[in-house]
Structures are given as structure tokens and as C-alpha cells.
A.B. asks: 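So that we are looking at the same thing, I have put the structure below in C-alpha cells.
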Amino acid sequence: MAVSCSNGIKRTSQEFLFKNGCVFFSAFLLCFPLSLAGTITVINDPVTAALGDNVTLGISIDESVLVCTWHRGAVDVTNFILRVTNGVPAEGSQYTRRESVLLPSHSLRIANATLADSGTYSVRIVFTSGNEVLSNLTLKVLERISGVEVNISKNDVVEYNNSVDLSCNFTGTQETLQWIKDKETLEIKPGIELSNNNLSLHISNTSRDHTGNYSCKVCNAINCNISNSQHLNVYYGTDLPIITVYPKQPILAGSSVNIACTSASNPLPLYQWFLNDTLKPFMQTHAITNITKADEGTYRCVASNNQTGRMSSASIYITVTDSRFENGKLSAGAIAGISIGVVVSLALILTVGAVLLKKLRMPDENRSNASKARTNGNVNISNGLPIYENHLPDVHHQGNTGRSLESEASVYTDLQYKSDSTYSELERSKNKK
């Protein structure tokens with residue numbers, strides 16, 4: 001294929017595409033230039049180092065370097081530390097003989113870092129391509145925390161009468177400071193104030209809630225350290241005593257009773273007991289065995305604190321009731337005893353009455369039995385005893401012998417068994433004419 005141009009010159013299609021393509025590509029580069037410049041990547045920012053440690057401000061690059069310059073602070077010819085040109089270093093005004101540039105990364109190394117080394121660092125790099133790049137880093141040099149201790153103005157105070165100041169002292173670079181009470185973070189409440197960057201703690205109008213062990217904890221990015229503890233002892237009390245009695249009232253005579261008195265106080269209070277305003281040699285808890293009416297009355301407990309100089313008292317009246325009565329009424333035991341007594345008495349009365357009635361009825365029965373015995377012939381039973389009677393024949397009848405039957409008759413009288421089951425003497429009498 002041939003292309004005919006206006007000037008009459010013939011060219012092949014391949015020549016046409018090549019030349020026109022070059023024109024188009026050149027125009028594209030003019031409108032959208034490609035960046036072939038090198039870059040700097042900061043490895044770590046900020047950089048933290050302990051006092052006296054060796055530290056490196058690390059960077060990485062992706063192109064050959066022509067010139068690299070490290071500055072302390074902003075980029076300025078008056079404050080550069082080191083300049084490396086084609087690998088050859090040159091010292092600046094900020095050079096301290098502890099700095100060096102590490103090749104091929106061109107990172108800056110600082111030996112035996114000091115607190116004065118803390119700050120901003122700038123690095124300026126000119127690449128072989130002619131591109132120039134600038135980057136910044138921050139270095140923090142911290143002193144390790146050590147020697148932490150707490151001081152206190154007073155260890156022993158009286159509740160509502162004193163204020164206390166505590167201070168936290170240490171060496172090192174403080175980043176955070178925390179106050180601790182009894183191994184827990186101290187809650188800042190009204191009456192507790194922090195000042196001097198939390199180094200000072202003020203407690204006004206101390207109360208029993210402030211009693212405890214105080215310490216402080218100081219930290220930075222390198223380490224933490226906690227102090228010794230200081231004990232704050234707040235004397236308080238005595239509070240209103242509480243009296244307890246066991247068993248509960250009313251108290252039955254003959255019972256064993258425990259009476260106790262308790263009062264919140266630091267230190268522990270001294271207890272005194274009064275019965276009806278008479279001092280008694282009782283302890284805090286007193287036991288009464290076999291209580292009587294003589295133990296009845298008003299019991300008053302007085303609690304005193306020799307540190308605060310305060311005392312308080314409370315009273316209770318103990319009533320002793322007869323064991324037969326409860327709340328003015330017969331007790332259940334007494335009622336049961338009376339009931340049993342009544343039942344037994346009634347049973348005894350009924351038994352005695354039955355015996356007497358039986359004895360009163362016996363004479364009538366004996367007479368009735370005797371009457372029956374006279375009508376039943378020769379043998380009758382009276383009161384369980386047999387009675388034998390002999391009836392004489394008619395005296396007007398005579399036998400063939402001519403003799404009178406009456407003369408021959410034998411009379412048996414009073415033949416019966418005695419109570420000892422023996423026969424009574426049999427009398428036999430004959431009537432002789």
C-alpha cells in the first residue's frame with residue numbers, strides 16, 4: 001500500500017504509522033510528563049530512645065543518591081549535622097562527633113543519646129536523577145524512671161480536725177503520674193486536690209474513708225516505676241453504740257442472757273456499763289446466768305476513745321418475767337401443767353365417787369339376798385356364802401312306834417361357811433323329854 005502526500009512524494013504505510021506514532025507520543029509526554037523522581041520512606045516516627053542509648057533515625061530510598069544532608073531542626077545551611085556527597089561525609093555546625101550516616105540507606109545514627117538530642121530532624125536528598133526530596137522525623141530521648149518515693153506530712157490525724165499533704169518524688173522523665181490507694185487507682189473526690197503536674201496531693205478535712213496506704217506510679221515510654229507506700233491513719237469515733245440482747249425480750253426468770261455493746265471507733269473504744277446508774281464491772285459482752293428480778297432495769301453502755309477524746313452512750317431496759325408468765329399471760333408450759341392437773345384431779349374424784357357409791361349400795365343388796373335365802377329351801381346363797389337350814393317336821397304327826405317325832409327331832413342351826421372357807425362348829429342339841 002502506498003500513501004500519496006500533497007507534495008507528490010509516495011510513502012509506505014509502515015513509514016506513515018511510525019512517524020505519526022512518534023509525534024503522538026511526544027505530544028503525550030509534553031502534556032502528561034512521567035515522574036521518575038526517587039522517594040524517601042521514614043521507617044519510624046517518632047523515635048523514642050532512653051538516655052544513653054544508641055538510636056537510629058531510619059529511612060529507606062529507591063534511587064541512587066547524589067547528595068544527602070541531615071539537619072537538626074529546619075533545613076538551613078547553618079544547622080546541618082552531616083552532608084554526604086557521592087559517599088563522602090562533611091561535618092556541619094551541629095555535628096557532636098556522635099553522629100554518623102549509615103550507607104546505603106543514608107539513615108542517621110546517634111550514639112549515647114542525650115536529652116538535648118530530643119527534637120525534630122530534617123533530611124534532604126538529591127538523587128542522581130536530579131530530583132530533590134525533603135522529609136522530617138522526631139526524636140524523643142527519655143530518662144528512665146527511678147527512685148520513686150512518697151512523702152507525707154502526717155501519718156496520724158483525727159477525723160474532721162486535720163488536713164494532709166503528700167508528694168511524689170523521683171528521677172527521670174515523667175509522662176504520666178498516677179496516685180494509688182490500697183493498690184487501687186485513687187478516686188479524686190471533693191476534698192482531694194492534685195497540683196504541680198500531679199506531683200502533690202492534698203486531703204482536706206480528713207475522714208475515716210481516707211485511711212489507707214498511699215503510693216504513686218510514674219511512667220514514660222521507656223519504663224514505669226512505683227513508689228513505697230505511706231500509711232494514713234485517721235482516728236475516729238466513738239459512734240453511737242448499738243446494744244444487743246439475746247435472747248430477745250421479754251426475758252424469763254432463770255434464763256441465761258448475753259448483752260453486748262458495739263461502737264465504731266479507731267482505736268477500739270473503752271466500754272463501761274451502768275445498771276440503774278450504778279457502774280458495773282462488765283466487759284464489752286456480759287453474760288448473766290439464771291437471771292432474776294434483781295437483774296431487771298436500765299442498762300447503759302458508755303463507749304469512749306482516748307485519741308479523739310470523744311464518747312457516746314446508749315441504753316436499754318431489760319424486763320425479767322416470771323417463768324410462769326409471758327407478756328402478762330400464763331406461759332404455754334404453765335397452761336399445759338394446769339390442764340394436766342385438772343384432768344388428773346377429775347379422774348381421781350370420779351374414782352373415789354364410784355367406790356363410795358358402791359359401798360353405800362352394798363347393805364341393801366345384802367338384805368335382799370338374805371330375804372331370798374329364807375324362801376329357797378334348805379340351802380341358799382347369801383353374799384356368796386351357803387346357808388344350811390333344817391326344817392322340823394310337823395309335831396302333830398307320829399310314827400308307828402308311838403313316839404313323838406318332835407322328841408326325836410334334831411335341830412341344826414347356823415350351819416354356814418366362814419370367810420376363811422372352814423366349817424363352823426356343828427352344835428347338836430337334843431331335847432329330852
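These values consider heavy atoms only, across backbone and side chains, with no hydrogens, waters or symmetry-generated copies. Source: prediction; values computed, not measured.
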A.B. asks: Whether the side chain of Ser153 engages the backbone of Asp165 through a donor-acceptor N/O pair (distance < 3.5 Å, no angle test) should be reported.
C.D. replies: yes
A.B. asks: Mark yes or no for whether Ser118, through its side chain, and Val141, through its backbone, hold a donor-acceptor pair below 3.5 Å.
C.D. replies: yes
A.B. asks: Atom CG of residue position Leu240 - does it have more than 12 heavy atoms of other residues, nucleotides or ligands inside 6.0 Å?
C.D. replies: yes
A.B. asks: Out of Thr238, Asp239, Asn305, which residue meets the side chain to side chain donor-acceptor pair (under 3.5 Å) rule with Ser312?
C.D. replies: Thr238
A.B. asks: Does some side-chain heavy atom of Gln178 sit less than 4.5 Å from a side-chain heavy atom of Thr185?
C.D. replies: yes
A.B. asks: Would you give the length of the straight line joining atom CG of Leu275 to atom CD1 of Ile259, rounded to the nearest 0.5 angstrom?
C.D. replies: 9.0 Å
A.B. asks: Assess, by modelled atom type and distance only, whether the side chains of Thr39 and Asp62 contain a donor and an acceptor separated by less than 3.5 Å.
C.D. replies: yes
A.B. asks: Do Ser129 and Glu63 pair up side chain to side chain, a donor and an acceptor below 3.5 Å, judged on atom types alone?
C.D. replies: yes
A.B. asks: Taking all heavy atoms of Val150 and all of Asn228, pick out the closest pair and write down the distance.
C.D. replies: N-OD1, 3.1 Å
A.B. asks: Within a 6.0 Å radius of atom CG on Leu268, are there more than 12 heavy atoms belonging to other residues, nucleotides or ligands?
C.D. replies: no
A.B. asks: Would you say that Leu108 contacts Ile81 through its side chain, given a criterion of any heavy-atom pair below 4.5 Å between the two side chains?
C.D. replies: yes
A.B. asks: Heavy atoms, side chains only, cut-off 4.5 Å: are Ile61 and His106 in contact?
C.D. replies: yes
A.B. asks: Please report the interatomic distance CD(Gln272) to SG(Cys301), rounded to the nearest 0.5 Å.
C.D. replies: 9.0 Å
A.B. asks: Between Asn205 and His210, what is the shortest heavy-atom contact and its length?
C.D. replies: O-CE1, 4.1 Å
A.B. asks: Any sub-3.5 Å donor-acceptor pair from Thr206's side-chain atoms to Asn162's backbone N or O?
C.D. replies: yes
A.B. asks: Could you check whether Ser107 and Ser105, counting side-chain N and O atoms only, form a donor-acceptor pair closer than 3.5 Å?
C.D. replies: yes
A.B. asks: Taking all non-hydrogen atoms of both residues, which atom of Pro241 and which atom of Ala303 are closest, and how far apart?
C.D. replies: CG-CB, 4.2 Å
A.B. asks: Would you say the side-chain atoms of Lys293 pair up with the backbone N or O of Val320, donor to acceptor, closer than 3.5 Å?
C.D. replies: yes
A.B. asks: Would you mind reporting whether Asn225 and Phe170 have side-chain heavy atoms less than 4.5 Å apart?
C.D. replies: no
A.B. asks: List the steps and the verdict of side chain to side chain contact (heavy atoms under 4.5 Å, CB included) for Leu137 and Thr120.
C.D. replies: CA-CA 6 Å; Leu137 296 88; Thr120 302; over 6 Å; no
A.B. asks: Can you tell if the side chain of Leu201 reaches within under 4.5 Å of the side chain of Cys216, non-hydrogen atoms only?
C.D. replies: no
A.B. asks: Short question: side chain of Asp182, backbone of Asn213 - any donor-acceptor pair under 3.5 Å?
C.D. replies: yes
A.B. asks: Answer yes if the side chains of Asp76 and Thr78 hold a donor-acceptor pair under 3.5 Å, and no otherwise.
C.D. replies: yes
A.B. asks: Does the side chain of Glu143 pick up a donor-acceptor pair with the side chain of Thr171 at under 3.5 Å?
C.D. replies: no
A.B. asks: Does Arg124 have more than 12 heavy atoms from other residues, nucleotides or ligands lying within 6.0 Å of its CZ?
C.D. replies: no
A.B. asks: Any chance you could measure Arg97, atom CZ, to Asn112, atom CG, to the nearest 0.5 Å?
C.D. replies: 15.0 Å
A.B. asks: What closest approach, in Å, do Trp273 and Cys261 show between heavy atoms, and which atom pair accounts for it?
C.D. replies: CZ2-CB, 3.4 Å
A.B. asks: Looking only at side chains, do Asn220 and Thr173 share a donor and an acceptor under 3.5 Å apart?
C.D. replies: no
A.B. asks: So do Ile318 and Val245 actually touch side chain to side chain, heavy atoms under 4.5 Å?
C.D. replies: yes
A.B. asks: Would you say that Gln174 contacts Asn197 through its side chain, given a criterion of any heavy-atom pair below 4.5 Å between the two side chains?
C.D. replies: yes
A.B. asks: Tell me every residue that passes ring pair (Phe, Tyr, Trp, His ring centres under 6.0 Å) with His286, counting only those two or more places apart in sequence or in another chain.
C.D. replies: Phe282
A.B. asks: Kindly indicate whether the side chain of Arg72, heavy atoms from C-beta on, has any atom under 4.5 Å from the side chain of Glu99.
C.D. replies: yes
A.B. asks: Of all the heavy-atom pairs spanning Ser256 and Asn290, show the shortest one and how long it is.
C.D. replies: OG-N, 4.3 Å
A.B. asks: Which value, rounded to the nearest 0.5 Å, describes the distance between Ile152 atom CD1 and Leu166 atom CG?
C.D. replies: 4.0 Å
A.B. asks: Can you pull out every side-chain hydrogen bond (donor to acceptor under 3.5 Å, both in side chains) where at least one residue sits in residues 41-56? Sequence neighbours excluded, please.
C.D. replies: none
A.B. asks: Among Asp156, Thr211, Asn155, which residue meets the side chain to side chain donor-acceptor pair (under 3.5 Å) test with Asn233?
C.D. replies: Asp156
A.B. asks: Got a second to check how far Ser263's OG is from Ile243's CD1, nearest 0.5 Å?
C.D. replies: 11.0 Å
A.B. asks: Between Trp70 and Phe80, does a side chain to side chain contact (heavy atoms under 4.5 Å, CB included) hold up when you go through it step by step?
C.D. replies: CA-CA 6 Å; Trp70 279 95; Phe80 81 90; over 6 Å; no
A.B. asks: If you take all heavy atoms of Gln284 and Thr262, which pair is closest and at what distance?
C.D. replies: NE2-CG2, 3.5 Å
A.B. asks: Kindly check if the number of other-residue, nucleotide or ligand heavy atoms within 6.0 Å of NZ (Lys217) is above 12?
C.D. replies: no
A.B. asks: If you measure from the Lys or Arg side-chain nitrogens to the Asp or Glu carboxylate oxygens, is any gap between Arg98 and Asp117 under 4.0 Å?
C.D. replies: yes
A.B. asks: Would you please test Ser163 and His202 for side chain to side chain contact (heavy atoms under 4.5 Å, CB included) and show each step?
C.D. replies: CA-CA 8 Å; Ser163 61; His202 177 76; 4.0 Å; yes
A.B. asks: Leu139 and Leu57: side chain to side chain contact (heavy atoms under 4.5 Å, CB included), yes or no, with the steps?
C.D. replies: CA-CA 8 Å; Leu139 172 62; Leu57 305 181; 4.2 Å; yes
A.B. asks: Look at the side chain of Asn266 and the backbone N and O of Val234, then say whether any donor-acceptor pair between them is shorter than 3.5 Å.
C.D. replies: yes
